[in-house]
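These notes concern the structure reproduced below.
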Amino acid sequence: MPFPHTTFRPAISAVGLEDKPGMIGALKWQIRSWQQAGRHEWLTRAATFSWLQLYNVRDFLTIGRVGDSLRDGSFPDDVNAAVDEVCEGRLGAGIRPMQAPFELASLMREVSDRRPKTVLEIGTARGGTLFLLCRFSAPDAKIISVDLPYGRNGGGYPKWKESHYRRFCGEQQELNLLRADSHSKETVDKVDRIVGGDGIDFIMIDADHSYEGVKQDYMYYLPLLAPGGVIALHDVLPTDDPSIDVNRFWVELENDTSVQTKTIVADPEQGRYGIGLVYPVA
Ligand SMILES: C[S@@+](CC[C@H](N)C(=O)[O-])C[C@H]1O[C@@H](n2cnc3c(N)ncnc32)[C@H](O)[C@@H]1O
């Protein structure tokens with residue numbers, strides 16, 4: 001099987017490598033720096049592809065824990081506690097979000113306060129943010145989550161995970177999983193058809209982190225935003241990671257008078273992450 005055309009990097013941010021030094025951590029960093037320098041392309045692709053498959057095998061073996069926890073009702077309703085549980089990997093490392101817990105908790109409080117009835121997430125990956133979006137949206141929310149198999153910055157998910165993600169939803173919620181390129185016109189049309197003219201109350205953009213990619217997601221889906229809706233963008237802080245350039249677009253939004261913006265940042269010096277919220281002015 002040819003290695004996919006992807007800039008997927010081992011989920012370094014997700015596993016908190018800084019806290020887990022040692023041989024595996026060092027190996028991941030080495031692969032990452034080769035990738036960023038454009039060196040040993042075949043080798044880095046092979047390594048990241050294998051890494052992704054290993055994660056999938058681990059998830060396949062541990063996936064029952066999420067279902068068990070949801071069935072026995074032990075999962076907390078409180079936003080902070082829920083975010084903690086997911087980020088600490090107590091539901092299994094397989095759904096740990098690729099986010100800073102403090103920032104994710106603030107974002108989920110915003111979601112919980114709004115209880116959106118229509119939600120679009122671009123960037124499903126291992127389902128960490130999707131899980132929380134399902135928890136804190138309206139009990140009858142329509143939720144759409146888009147991810148491109150082997151996409152940048154995470155690598156998407158295999159088809160067998162769809163049934164697993166469906167267990168995240170409440171009985172009256174509707175989950176639409178689109179394994180597709182968010183930048184394709186067909187995907188935009190599909191999302192539009194699913195939403196059915198009501199508009200989307202909450203959009204989360206956390207997929208292609210290039211300047212062009214994030215801007216395209218924003219421009220394509222902004223027209224589908226419902227009046228009073230909000231768009232969240234992940235990774236708005238400046239970073240020295242050359243594959244992440246969301247900050248350049250974020251600065252443009254901060255200077256755009258047709259919107260109001262707010263940032264959720266745990267520590268301005270952290271050098272990555274940061275969530276930006278955009279509220280179009282009526
Ligand atoms: C950083 S991960 C998302 C993390 C997730 N929101 C979380 O924290 O749990 C980014 C995901 O976006 C997907 N992606 C990248 N480019 C995409 C595109 N053009 N269309 C759809 N998905 C894309 C990748 O496959 C990857 O799984």
Side-chain angles (χ1 to χ4, degrees), residues 4-16 48-49 51-52 55-56 59 66 82-83 85-89 91-105 107-108 111 119-136 143-159 161-162 164-165 168 176-188 190-191 202-221 231-237 239 241 243-246 264 272-276:
H5 297 282
T6 172
T7 53
F8 171 75
R9 289 165 293 129
I12 285 175
S13 55
V15 293
T48 51
F49 180 79
W51 219 284
L52 186 57
Y55 274 130
N56 286 334
D59 296 350
V66 182
V83 169
E85 290 258 317
V86 177
C87 290
E88 293 290 321
L91 283 184
I95 70 160
R96 196 180 277 155
M98 303 174 185
Q99 313 274 331
F102 168 86
E103 296 172 2
L104 187 56
L107 180 71
M108 286 304 145
V111 174
V119 175
L120 169 65
E121 173 183 56
I122 308 176
T124 321
R126 294 176 304 184
T129 41
L130 174 63
F131 178 83
L132 293 166
L133 285 171
C134 290
R135 296 287 307 173
F136 297 114
I143 298 158
I144 307 164
S145 191
V146 182
D147 201 301
L148 177 65
Y150 299 110
R152 282 170 57 106
N153 299 95
Y157 61 90
K159 190 154 175 56
K161 275 197 179 174
E162 281 186 7
H164 172 57
Y165 292 163
F168 296 175
N176 298 270
L177 294 166
L178 307 184
R179 291 170 79 239
D181 186 353
S182 61
H183 297 153
S184 112
K185 190 77 183 61
E186 263 174 38
T187 309
V188 183
K190 212 175 219 172
V191 170
F202 183 85
I203 298 180
M204 168 126 187
I205 300 177
D206 184 20
D208 180 328
H209 287 61
S210 66
Y211 168 79
E212 292 78 14
V214 70
K215 185 170 183 170
Q216 201 169 339
D217 280 333
Y218 181 86
M219 301 311 274
Y220 273 11
Y221 296 94
I231 301 184
L233 283 82
H234 192 231
D235 289 297
V236 298
L237 278 184
T239 170
D241 182 336
S243 68
I244 297 181
D245 202 7
V246 182
I264 303 171
R272 60 180 181 165
Y273 294 146
I275 297 173

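Scope of the values below: all heavy atoms of this structure, side chains included, with no hydrogens, waters or symmetry mates. In each ligand, atom 1 is the first atom listed, and ligand 1 is the first ligand listed.
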key: Listed partners of Tyr220 passing side chain to side chain contact (heavy atoms under 4.5 Å, CB included), at least two apart   = Val188, Gln216

key: Residue pairs passing the salt bridge (charged side-chain N to carboxylate O under 4.0 Å, His left out) test where at least one lies in residues 176-186, sequence neighbours excluded   = Lys185-Asp189

query = Relative to each other, are the rings of His164 and Phe168 parallel, tilted or perpendicular (30° and 60° limits)?
reply = perpendicular

ask   = Do the side-chain N and O atoms of Thr129 and Glu121 include a donor-acceptor pair separated by under 3.5 angstrom?
value = yes

request  = Return the set of residues passing side-chain hydrogen bond (donor to acceptor under 3.5 Å, both in side chains) with Ser182 (not counting sequence neighbours), or none when no residue passes.
outcome  = Asp217

message = Under 4.0 Å between a side-chain nitrogen and a carboxylate oxygen: does that hold for Lys159 and Glu162?
response = yes

If you look at each N/O of ligand 1, which protein N/O atoms lie under 3.5 Å away, and at what distance?
| residue | atom | partner | partner atom | Å |
| --- | --- | --- | --- | --- |
| ligand 1 | 6 (N) | Gly123 | O | 2.9 |
| ligand 1 | 6 (N) | Thr129 | OG1 | 2.8 |
| ligand 1 | 6 (N) | Asp206 | OD2 | 2.8 |
| ligand 1 | 8 (O) | Met98 | N | 3.0 |
| ligand 1 | 8 (O) | Gln99 | NE2 | 3.0 |
| ligand 1 | 9 (O) | Gly128 | N | 3.4 |
| ligand 1 | 9 (O) | Thr129 | N | 3.1 |
| ligand 1 | 9 (O) | Thr129 | OG1 | 3.3 |
| ligand 1 | 19 (N) | Asp181 | OD1 | 2.8 |
| ligand 1 | 20 (N) | Ser182 | N | 2.9 |
| ligand 1 | 20 (N) | Ser182 | OG | 3.1 |
| ligand 1 | 22 (N) | Leu148 | N | 2.9 |
| ligand 1 | 25 (O) | Asp147 | OD1 | 2.6 |
| ligand 1 | 25 (O) | Leu148 | O | 3.1 |
| ligand 1 | 25 (O) | Gly151 | N | 3.3 |
| ligand 1 | 25 (O) | Gly156 | N | 3.0 |
| ligand 1 | 27 (O) | Asp147 | OD1 | 3.3 |
| ligand 1 | 27 (O) | Asp147 | OD2 | 2.7 |
| ligand 1 | 27 (O) | Gly156 | N | 2.9 |

